[in-house]
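Taking it in order: structure first as structure tokens, then the write-up.
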Amino acid sequence: MPMSPRLLRPIASGVHPEAAAWRTAVVANGGSVSSTTLKAVAAFCKAIDEAGIRDRFYRLNLFAGTGLSACLVPLYRGQSRTGTQYGNTTDTNNGPFVSGDYAETGASGGLKGNASKYLDTGLAGTTFSAGDRHCSAYWNANATLTGNRAFIGNTDTTSTTAWFDIHSRHTNAGSEAQLTQNYGLSHTSANRHQLAQYIGATSAVSYSDGGDKKTRDAFPLGSPTASSTNWFVFSLNPSLFGGVRTDARICTYSIGLSMTDANALAFYNAVHAFQTALTRQA
Amino acid sequence: MTLADLTLPVAYSWAVSQALVFDAALAARLAEVQGQHGDPRHVPAPQRMKDGRYFLSADILTECLPGGLVYGGFSRLDAARFNDIEVLPLADALALLPDRLDDDGSDDE
């Protein structure tokens, strides 16, 4: 009697392929991934897929895994796992951050800045058109935030219209997206996540914790442009602004294309659920 | 206090609030050593202060011994020059950084 084809079928690993690929990359970089973390990363990937927003992300790092070497490995480096990959294989660690700056789980979970260290994604701002791009940052709200420090940013040294970042406002008073050098969209609550984006040549939107939508539809002092410099995390442009690097504890960042309101909320729900799964409760 | 006065390893809890301060010549030498022997994934990135000196966060010293992120470069530095590297509170060094974002009413409420 022939063996049932069902018995001959390989047992599925049950791990989301992007989570598995990330784990492989972490190990290659000298880190490791616990089963709990892998499960949480897989759940995040599944949520992003089910929301239909995977192609919105060109780069995303959940700052997870065991050890600093793990947390510097981004989960996403392109719009799909098998498509073009952008930026550095790992976030280049300038400072550098040391092992003591990173905690994967708990109330102090995330990568802790000190107003001096920063990450270089290697992802050029001109990868995107000026009117279709987003950046986001999720930070640990358990710690006091120093005001006017960049969580994530991209600008060059000459153009006032290329400035695009998310930074903290006055100490512990929310966050703000800087849109060119002249405009901003701010959220005054003690939030933990901001997503800022351009949805058109002169249209920008920002969300705080997936909601609190703010918009700007005119840039009379100059329309936004994309910068050829790289996107930095914990900094805006380290060669231009020495004193604006954040001392926040950042838990996740993303860079990519613009999203709808529903997309932004789905993304926040997924990333917040991930932080909860890692007991960061950020 | 200078770097020469310290005995490694140092505790992260102490080093995280300290800075290593040095002149431009040492900053250049650090960049040279990093380029030749350092791990390109982990880059000592001294910041220039208003007085022309440079600083690094002293917690880099927690990664300078074998197995550390910057051991490859640190092991090539001339220990005789550690007397030229001051150890100061990090807050003092940060206070001497040029350029800050100004929260000047660019909010768009």
Side-chain angles (χ1 to χ4, degrees), chain A residues 29-30 68-69 72 88-101 112 114-118 120 146-150 153 163 165 167-171 173-174 176-188 204 206 214-216 235-238 240-245 247, chain B residues 9-21 30-31 34 38-50 54-65 67-74 89-109:
Chain A
N29 199 47
L68 184 67
S69 293
L72 296 174
N88 301 331
T89 304
T90 62
D91 288 327
T92 303
N93 176 11
N94 292 273
F97 288 94
V98 298
S99 299
D101 294 330
K112 179 73 168 68
N114 73 343
S116 178
K117 306 173 184 181
Y118 66 93
D120 182 353
T146 304
N148 302 319
R149 302 287 180 84
W163 194 335
D165 77 44
H167 61 270
S168 53
R169 296 185 73 247
H170 310 289
T171 299
E176 180 177 45
Q178 190 72 34
L179 308 171
T180 77
Q181 198 167 350
N182 301 302
Y183 305 100
L185 288 175
S186 60
H187 303 276
T188 56
S206 179
K214 302 290 176 71
T215 62
R216 166 162 276 279
S235 178
L236 166 59
N237 180 326
L240 180 61
F241 293 103
V244 298
R245 303 171 194 179
D247 54 1
Chain B
V10 295
Y12 172 80
S13 57
W14 171 80
V16 72
S17 64
Q18 306 297 310
L20 304 175
V21 181
L30 182 66
Q34 169 66 20
D39 185 335
R41 297 171 299 174
H42 307 287
V43 182
Q47 281 192 263
R48 186 176 184 280
M49 300 185 292
K50 290 177 184 174
Y54 290 77
F55 81 90
L56 281 172
S57 304
D59 55 19
I60 194 175
L61 297 176
T62 64
E63 301 285 354
C64 287
L65 295 180
L69 299 177
V70 298
Y71 171 70
F74 184 81
L90 178 63
D92 292 354
L94 293 173
L96 286 175
L97 286 177
D99 295 323
R100 287 179 62 98
L101 282 172
D102 291 320
D103 192 356
D104 59 357
S106 63
D107 294 353
D108 188 22
E109 296 287 350

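Quick note on labels: first sequence line is chain A, next is B, and so on, each numbered from 1. Only a predicted model underlies this, so the values are computations on that prediction, with no experimental measurement involved.
The closest side-chain heavy-atom distance from B:S57 to A:K117 is below 4.5 Å. B:V16 places none of its side-chain heavy atoms less than 4.5 Å from the side chain of A:N114. Here the side chains of A:R245 and B:L97 are not in contact, with every heavy-atom distance at 4.5 Å or above.
Proximity to chain A (any heavy atom under 4.5 Å) is restricted, for B:L56, to the side chain, taken from C-beta onward. Within the 4.5 angstrom heavy-atom criterion, no atom of A:D120 approaches chain B. A:N88 does not touch chain B: none of its heavy atoms, backbone or side chain, sits under 4.5 Å away. For chain A, the nearby part of B:P40 is the backbone; its heavy atoms alone come within less than 4.5 Å. Contacts between A:S116 and chain B at a heavy-atom distance below 4.5 Å involve backbone atoms as well as side-chain atoms.
Looking only at heavy-atom pairs under 4.5 Å with chain B, the residue among A:G100, A:P238, A:S206 that has the most is A:G100.
Between the CG atom of A:N93 and the CD atom of B:E63 there is a distance of 9.0 Å, given to the nearest 0.5 Å. The CG atom of A:L72 lies 6.0 Å from the NE2 atom of B:H42; values are rounded to the nearest 0.5 Å.
Nearest heavy-atom pair, B:L94 versus A:A115, reported as atom, atom and distance to 0.1 Å: CD2-O, 3.9 Å. Summarising the geometry of B:L69 relative to A:F97, their closest heavy-atom pair is CD1-O, 3.5 Å, with the distance given to 0.1 Å.
A salt bridge does not link A:K112 with B:D59: every distance from a Lys NZ or Arg NE/NH1/NH2 to an Asp or Glu carboxylate oxygen is 4.0 Å or more.
Heavy atoms from other residues, nucleotides or ligands lying under 6.0 Å from OH of B:Y71 number 12 at most.
The only option from A:N29, A:D91, A:T89 that meets the side-chain hydrogen bond (donor to acceptor under 3.5 Å, both in side chains) definition with B:R41 turns out to be A:N29.
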